[in-house]
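Following: one structure in C-alpha cells, then a few remarks.
These numbers come from the heavy atoms of this one structure, side chains and all, not from hydrogens, waters or symmetry mates.
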Amino acid sequence: MSYELHAVVGDFDRLRGLSAGLPRAVVVPLRQRLGLLPMTGEIFDELGGGGGRRRAEGPFVLMSPALDALLAEWSRGGPVAYVEADFFGGDGEQTAALWEGGLRTWGPENAWNPPGRPETWPINAALARLGAVRAGPFDLFDTIGFGQERDMEGWREAGLRALDAADYDAWEAARRDAAPPGGVRGTRPPHA
C-alpha cells in the first residue's frame with residue numbers, strides 16, 4: 001500500500017486565512033487545531049514553483065525559493081511546517097522543515113526508512129515543534145490524523161469536505177455531532 005503527502009501544516013484557522021487567495025487551495029482539519037494544506041502540483045505551480053521539480057540543494061520534491069519565501073512570510077503569525085512523505089509497501093522517506101518568525105528555524109530533515117524511535121522521525125519532530133502532543137499509544141503522525149488519507153487526491157477531497165465549516169470549532173462540533181455512539185465519524189482509523 002502506498003502513502004503520499006506534500007503539505008503545509010499549521011494552525012487550521014490561520015492556514016485558511018493565509019491561503020484564501022489561492023483558488024485551488026483547501027485546508028484539511030486535523031486534530032489539536034492543526035490544519036493541512038495539500039501542496040498539489042497545481043498549487044505549487046501557482047506559487048511560482050516551476051513545474052514541481054526537485055531543487056538541487058534540498059531533499060524536498062516540491063520546494064522552490066518562492067515557496068520557501070512564502071512559508072517564511074506565513075510564519076510571521078505563527079509557526080508552519082512543510083512536510084513530505086512517500087512510502088510504498090513499508091519503504092520510503094519523509095522530509096520536514098519548520099518556519100517561525102519569518103525564518104526557517106529547523107530542517108529540512110530527511111530520513112529514508114526512518115530509523116530509531118518514531119518521535120525522532122522528521123514529520124513527528126516537526127509536529128512536536130508545532131505543539132502537537134502525543135495521545136495514547138500513537139505517535140504524533142497518527143495522533144493528529146495524518147493516517148486518515150493516503151494520497152494527494154484523498155487529502156484534497158478531505159479539504160473539500162471541510163469547506164462548509166466556518167472555522168475549526170465549527171468543524172469539530174459537526175464532527176462530534178455526527179459521531180455514532182462509541183465511535184468517531186468523519187475520521188478514519190490511522191491506517192485504514
Side-chain angles (χ1 to χ4, degrees), residues 1-47 49 51-54 59-64 67 70-71 74 79-90 92-99 107-108 110 114 121-127 130 132 138-165 167-168 170-172 174-175 178 184-192:
M1 185 176 291
S2 66
Y3 183 91
E4 178 190 19
L5 176 65
H6 306 272
V8 178
V9 181
D11 177 82
F12 174 81
D13 293 326
R14 204 165 52 75
L15 278 183
R16 266 205 162 165
L18 291 167
S19 64
L22 301 171
R24 293 184 180 110
V26 295
V27 179
V28 179
L30 301 169
R31 294 180 198 101
Q32 301 186 18
R33 306 194 72 80
L34 291 174
L36 176 152
L37 188 158
M39 186 59 61
T40 63
E42 294 83 14
I43 293 173
F44 183 71
D45 290 345
E46 193 173 316
L47 295 172
R53 302 296 172 249
R54 181 182 295 268
F60 286 116
V61 173
L62 294 179
M63 182 53 72
S64 68
L67 178 56
L70 179 67
L71 294 172
W74 283 6
V80 294
Y82 183 70
V83 301
E84 292 186 344
D86 191 5
F87 284 86
F88 185 80
E93 69 179 316
Q94 56 177 258
T95 307
L98 185 81
W99 287 257
N110 174 268
W121 298 353
I123 292 176
N124 283 330
L127 292 171
L130 287 172
F138 303 110
D139 66 0
L140 290 176
F141 188 97
D142 285 327
T143 295
I144 67 148
F146 273 1
Q148 67 182 306
E149 299 298 336
R150 304 215 55 91
D151 58 34
M152 295 305 294
E153 185 57 33
W155 286 114
R156 178 156 172 69
E157 290 171 9
L160 290 171
R161 288 191 300 270
L163 281 177
D164 290 341
D167 58 18
Y168 189 89
W171 171 81
E172 179 64 22
R175 186 184 70 83
V184 177
R185 185 174 291 143
T187 61
R188 294 184 189 162
H191 297 288

Minimum heavy-atom distance Val61-Glu84, with the two atoms named: N-OE1, 2.7 Å
CE on Met39 to CG on Asp45, rounded to 0.5 Å: 10.5 Å
Side chain proximity check, Phe146 to Val9, heavy atoms < 4.5 angstrom: yes
Leu47 vs Leu22 side-chain heavy atoms within contact, under 4.5 Å: yes
Partner residues of Ala85 under the side-chain contact (heavy atoms from CB on, under 4.5 Å) criterion, sequence neighbours left out: Tyr3, Leu5, Phe87, Gln94, Ile123
Student check: side-chain heavy atoms of Pro38 and Val26 closer than 4.5 Å: yes
Pairwise distance CZ(Phe60) to CG(Leu67) - rounded to 0.5 angstrom: 9.0 Å
Counterpart residues, salt bridge (Lys or Arg N to Asp or Glu O under 4.0 Å), relative to Asp13 (two or more places apart): Arg33
Gln32: side-chain contact (heavy atoms from CB on, under 4.5 Å) partners, not counting sequence neighbours: Ala132, Val133, Thr143, Ile144
Closest heavy-atom pair and its distance - Ala96, Pro122: CB-O, 3.4 Å
Side-chain donor or acceptor of Tyr168 paired with backbone N/O of Leu30 under 3.5 Å: yes
Check: Arg156 side chain, Arg24 main-chain N or O, donor-acceptor pair, under 3.5 Å: yes
For Asp151, side-chain contact (heavy atoms from CB on, under 4.5 Å) partners two or more places apart: Glu153
Any donor-acceptor N/O pair, Arg31 side chain to Asp142 backbone, under 3.5 Å: yes
Nearest heavy atoms of Ala158 and Val28, plus distance in Å: CB-CG1, 3.9 Å
With sequence neighbours excluded, residues passing salt bridge (Lys or Arg N to Asp or Glu O under 4.0 Å) with Glu172: Arg175, Arg176
Close side-chain approach of Trp74 and Ser19, heavy atoms under 4.5 Å: yes
Residue pair Arg16 / Asp167, side-chain heavy-atom distance below 4.5 Å: no
Nearest atoms (heavy-atom pairs only) where Gly10 meets Leu15: N-CD1, 3.4 Å
Trp155: side chain to side chain donor-acceptor pair (under 3.5 Å) partners, not counting sequence neighbours: none
Sidechain-backbone polar pair: Thr40 side chain, Ile43 backbone, donor-acceptor under 3.5 Å: yes
Residue pair Phe88 / Glu4, side-chain heavy-atom distance below 4.5 Å: no
Shortest non-hydrogen contact from Leu98 toward Ala126: CD1-O, 4.4 Å
Spacing of CG belonging to Leu36 relative to CZ belonging to Phe12, to within rounding of 0.5 Å: 10.5 Å
